[in-house]
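Below is one structure, written out as structure tokens, with a few remarks after it.
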Amino acid sequence: MLSHQLYKLLSQQHEEKMHANSVLCKLLNTEKRQKKVVADATKAALALGFVNALLAIALPTFAPFLFSRDQQVISVLLATVPLLGLNLMLHAATGALEGTMLAFKDTRRLSFFYALDATAVLAVFSVLATTQAPLAHVWFAFFGYQVVRAFQFAIRVRATVFSSKNTINTAPSSFLSAKFLFVSIRNIFNRRTSQTTPSNTASSPVP
């Protein structure tokens, strides 16, 4: 009888551990898929940004008549074309990283970046408007804005998605700890119950 109960107890523990391990494997596989999706999306956005930059530079350079036939406008356009290409090169990647933050519900940090960047942009453009800066300076300011946003979002996504200390990695260990604690408490209760049951049976009067 005791060997049967011991076998049953060990079998239950084995089943619980196997179930917990299967859940852990699913969570880890999900984490790997998430990292791969984010990495692939960022690479695709960088490639798209490169294509956009080439088109933004090539069209005004080789077909300026598509935008204007005024020679003064064309000359100003050609002078600022490289800056336009630089801005478009980072625009798609910045959008992909921003979307990643939204997907992981990192809205608090994203809102902080919005407020900080908006304040900085207003200050810079106020200075440019006051000093009557040339158009090239405006495009430089736009390029700086894209670089700062890309840097902010990339650092944050790396910390939340690709870091070994993110919430995705800590979730399985927390689940396993709670699971094994529950199993241990249940096994202790079952052992006490099995110990008290024979004594109650032996002390009961035989009819």
Greater than 12 external heavy atoms within 6.0 Å of [X]'s [atom1]:
X: Phe142; atom1: CZ; result: no
X: Phe67; atom1: CZ; result: yes
X: Tyr114; atom1: OH; result: yes

First locate atom [atom1] of [X], then atom [atom2] of [Y], and finally report the distance between them rounded to the nearest 0.5 Å.
X: Leu59; Y: Leu77; atom1: CG; atom2: CG; value: 10.5 Å
X: Met101; Y: Thr160; atom1: CE; atom2: OG1; value: 7.0 Å
X: Leu48; Y: Met89; atom1: CG; atom2: CE; value: 11.5 Å
X: His91; Y: Asn52; atom1: NE2; atom2: CG; value: 8.5 Å
X: Phe112; Y: Asp117; atom1: CZ; atom2: CG; value: 9.0 Å
X: Gln152; Y: Leu110; atom1: CD; atom2: CG; value: 9.5 Å

For [X] and [Y], which heavy atoms make the closest approach, and how far apart are they?
X: Ala150; Y: Thr94; answer: CB-OG1, 3.6 Å
X: Gly85; Y: Ala56; answer: CA-CB, 4.5 Å
X: Ser126; Y: Leu122; answer: OG-O, 2.6 Å
X: Val81; Y: Pro60; answer: CG2-CB, 3.5 Å
X: Ala96; Y: Ala45; answer: CB-CB, 3.7 Å

Do [X] and [Y] sit in one hydrophobic cluster, given that two such residues count as connected whenever their side-chain heavy atoms are within less than 4.5 Å of each other, even indirectly?
X: Leu54; Y: Phe143; result: no
X: Tyr145; Y: Phe140; result: yes
X: Trp139; Y: Val147; result: yes
X: Leu90; Y: Leu97; result: no
X: Phe153; Y: Leu116; result: yes

Step-by-step side chain to side chain contact (heavy atoms under 4.5 Å, CB included) determination, Phe113 to Arg156: CA-CA 10 Å; Phe113 287 155; Arg156 186 59 180 172; 4.2 Å; yes
Heavy-atom side-chain proximity of Val76 to Leu135 below 4.5 angstrom: yes
Under 3.5 Å donor-acceptor, Asn87 side chain and Leu83 backbone: yes
Given Val127, Leu128, Val121, the one that forms side chain to side chain contact (heavy atoms under 4.5 Å, CB included) with Val124: Leu128
Full working for side chain to side chain contact (heavy atoms under 4.5 Å, CB included) between Thr100 and Val161: CA-CA 9 Å; Thr100 301; Val161 180; 4.2 Å; yes
